[in-house]
Asker: 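Here you go, one structure.
Chain letters run A, B, ... following the sequence lines, proteins first and then strands; every chain starts at 1.
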Amino acid sequence: MKEISQNTIESVDINGFQDDLLRWFEAEQRDLPWRKDKDPYKVWVSEIMLQQTRVDTVIPYFHRFIEQFPTIKDLSEADEEKVLKAWEGLGYYSRARNLQAAVREVHEKYGGRVPDTPKEISSLKGVGPYTAGAILSIAYGIPEPAVDGNVMRVLSRILSIWDDIAKPSSRKIFESSVRKLISHENPSYFNQALMELGALICTPTSPSCLLCPVREHCTAFYEGTQHELPVKTKTKKQRNVQLAAAVLIDDHERILIHKRPGKGLLANLWEFPMAEINIAYVSDKDQMKDVFSTQFGAKVEIQEMTGQIEHVFSHLTWNINVYKGKIIKLEKEKSDLKLVSLEEIKEFPFPVSHQKIWKQYLDSRG
DNA sequence: CAGTCGTGGGG
DNA sequence: TCCCCAAGACT
């Protein structure tokens, strides 16, 4: 049996820890666009974008989003299609739809002022325990915990907490730790500093303990267990889905696109007509014609298979056979089907997988 | 709780 | 190439 210490929070010099952490953050924090002011709306947008997404990825999206939707009123009045287009490529698109729904609620119910109580802010769509604490502390200076993956990693090492951070129930342990450790003079910087430390120093695989401003407070550093913490069980591997998609053109050079359902994977994004196929079949052109005809009520002619696309999601992989074809006749108007020109297609939000399809088509077309 | 929900970068 | 991951929330 491994001898481990646990819950050493009683032995932590809380004031010393706060001082060392905050001094480091004031000197070393990155110059990030959402740190220019404390506008709760901008803090909110940044926190939603940063969910499961790297800082470097978010930066250009944040700039464009705030330029296009500078205030809560602007985002409230925007078409969802525009919002999704601004989110295109960022992933987890329900974040964008939930953000707009929540912003509309703030606009109507709170007169455009982001609420500053845990109860009210947590009731907003897309605002979970982490985001609630982040907005309350960063925008309003309220000493609430904001426990993300960084904070769990950092505190698991400092306090030698061996609970599995993959389990939802573990977050409560870290929240209660933060409540004991948090600076009431500057909860905003305290929370941001814990995350910044996790991002820059106390990294997952090779933490830079010799550069760490709080290593003197760190149990894992003393015991040499920084590479064993945090404990995190791994996820199981995903399944594969075999699909066929087609770029279908009518005799006016217009392209047929399909709007995905409002729930589930890539909800409300547009795509080229696509259907799941049985790998057991040899998917020849005649069979693909039937697939697209029945699925989309369109009389089509498939010319050739132009390529294959593999796209990996968190929990599944798409293998897409891509076809090129012509539209003979659309049976009737459907709101989720549209014929668009080469110019118009740029206005619609597509998932990255179908951006690949479009790029491949344009290349093959010369 | 366990599965769903994206994407691009890095070891 | 493969796998893990990165400032989580929802069902």
Asker: Are A:H315 and B:dG3 close enough that a side-chain N or O sits under 4.0 Å from OP1 or OP2?
Answerer: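 So the side-chain polar atoms of A:H315 never come under 4.0 Å of the phosphate oxygens OP1 or OP2 of B:dG3.
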Asker: Sequence neighbours excluded, which residues qualify as side-chain hydrogen bond (donor to acceptor under 3.5 Å, both in side chains) partners of A:D13?
Answerer: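 For A:D13 there are no side-chain hydrogen bond (donor to acceptor under 3.5 Å, both in side chains) partners, ignoring immediate neighbours.
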Asker: What pairs with A:E253 under side chain to side chain contact (heavy atoms under 4.5 Å, CB included), at least two apart in sequence or on another chain?
Answerer: A:I249, A:R365
Asker: Nearest to the A:P168 side chain among B:dC1, C:dC10, C:dG8, which nucleotide is it?
Answerer: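 Of the options given, the side chain of A:P168 lies nearest B:dC1.
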Asker: Going by number, which of residues 128-144 of chain A have a non-hydrogen atom under 4.0 Å from DNA chain B?
Answerer: none
Asker: Identify every side-chain donor-acceptor pair in residues 344-353 of chain A under 3.5 Å, counting partners at least two apart or on other chains, and give the distances.
Answerer:
{"residue": "A:E344", "atom": "OE1", "partner": "A:S341", "partner atom": "N", "Å": "2.9"}
{"residue": "A:E344", "atom": "OE1", "partner": "A:S341", "partner atom": "OG", "Å": "3.4"}
{"residue": "A:K346", "atom": "NZ", "partner": "A:E343", "partner atom": "OE2", "Å": "3.1"}

Asker: Starting at the 5' end of DNA chain C and moving along, which residue's nearest nucleotide shows up first, A:S122 or A:D148?
Answerer: A:D148
Asker: Return the set of residues passing side chain to side chain contact (heavy atoms under 4.5 Å, CB included) with A:S170 (not counting sequence neighbours), or none when no residue passes.
Answerer: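 Result, side chain to side chain contact (heavy atoms under 4.5 Å, CB included) vs A:S170: A:D163, A:K167, A:F174.
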Asker: So, using side chain to side chain contact (heavy atoms under 4.5 Å, CB included) as the criterion, who are the partners of A:S122 when residues are at least two apart?
Answerer: A:A132
Asker: Could you work out, with ring pair (Phe, Tyr, Trp, His ring centres under 6.0 Å) as the rule, every residue matching A:F296, not counting sequence neighbours?
Answerer: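 Testing A:F296 for ring pair (Phe, Tyr, Trp, His ring centres under 6.0 Å), a comparison that skips the adjacent residues, returns A:H258.
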Asker: Are A:D251 and A:I327 close enough that some pair of their side-chain heavy atoms sits under 4.5 Å apart?
Answerer: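 A:D251 vs A:I327: side chains apart.
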Asker: Using a 4.0 Å heavy-atom cut-off, does A:V127 contact any base of the nucleic acid, only the sugar-phosphate backbone, or nothing at all?
Answerer: sugar-phosphate
Asker: Within the 4.0 Å heavy-atom criterion, would you say A:R171 contacts the bases, only the backbone, or no part of the nucleic acid?
Answerer: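 Answer is nothing: A:R171 stays at 4.0 Å or more from every strand.
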Asker: By salt bridge (Lys or Arg N to Asp or Glu O under 4.0 Å), which residues pair with A:R95, not counting sequence neighbours?
Answerer: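 Partners of A:R95 under the salt bridge (Lys or Arg N to Asp or Glu O under 4.0 Å) test: none.
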Asker: For nucleotides C:dA9 and B:dG8, find the distance between their P atoms and express it as a whole number of Å.
Answerer: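 Straight-line distance between the two P atoms is 22 Å.
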Asker: Using the salt bridge (Lys or Arg N to Asp or Glu O under 4.0 Å) rule, collect all pairs that involve residues 292-314 of chain A, keeping only residues at least two apart or in two chains.
Answerer: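 Output for this query lists A:E304-A:K324.
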Asker: Which is true for A:R97 with a 4.0 Å heavy-atom rule: it touches a base, it touches only sugar-phosphate, or it touches nothing?
Answerer: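 Answer is nothing: A:R97 stays at 4.0 Å or more from every strand.
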Asker: Considering only residues two or more places apart or on different chains, which pairs with a residue in residues 59-71 of chain A satisfy salt bridge (Lys or Arg N to Asp or Glu O under 4.0 Å)?
Answerer: none
Asker: Near DNA chain C, which residues from residues 26-48 of chain A have a heavy atom under 4.0 Å away?
Answerer: A:R30, A:L32, A:W34, A:R35, A:E47
Asker: Out of C:dC10, B:dA2, C:dC5, which nucleotide sits closest to the side chain of A:N98?
Answerer: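 That would be C:dC10.
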Asker: From the set C:dC5, B:dA2, C:dA6, return the single nucleotide nearest to any side-chain atom of A:P204.
Answerer: C:dA6
Asker: Does a side-chain N-to-carboxylate-O contact under 4.0 Å join A:R104 and A:E77?
Answerer: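 A salt bridge is absent here (no side-chain N lies under 4.0 Å from a carboxylate O).
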Asker: Mind listing the N/O atom pairs, protein and nucleotides 7-11 of chain B, below 3.5 Å?
Answerer:
{"residue": "B:dT7", "atom": "OP1", "partner": "A:Y93", "partner atom": "OH", "Å": "2.8"}
{"residue": "B:dT7", "atom": "OP1", "partner": "A:V352", "partner atom": "N", "Å": "3.0"}
{"residue": "B:dT7", "atom": "OP2", "partner": "A:H311", "partner atom": "NE2", "Å": "2.8"}
{"residue": "B:dG8", "atom": "N2", "partner": "A:R54", "partner atom": "NH1", "Å": "2.4"}

Asker: Roughly how far apart, to the nearest Å, are B:dC5 and C:dA6 at atom P?
Answerer: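 Straight-line distance between the two P atoms is 23 Å.
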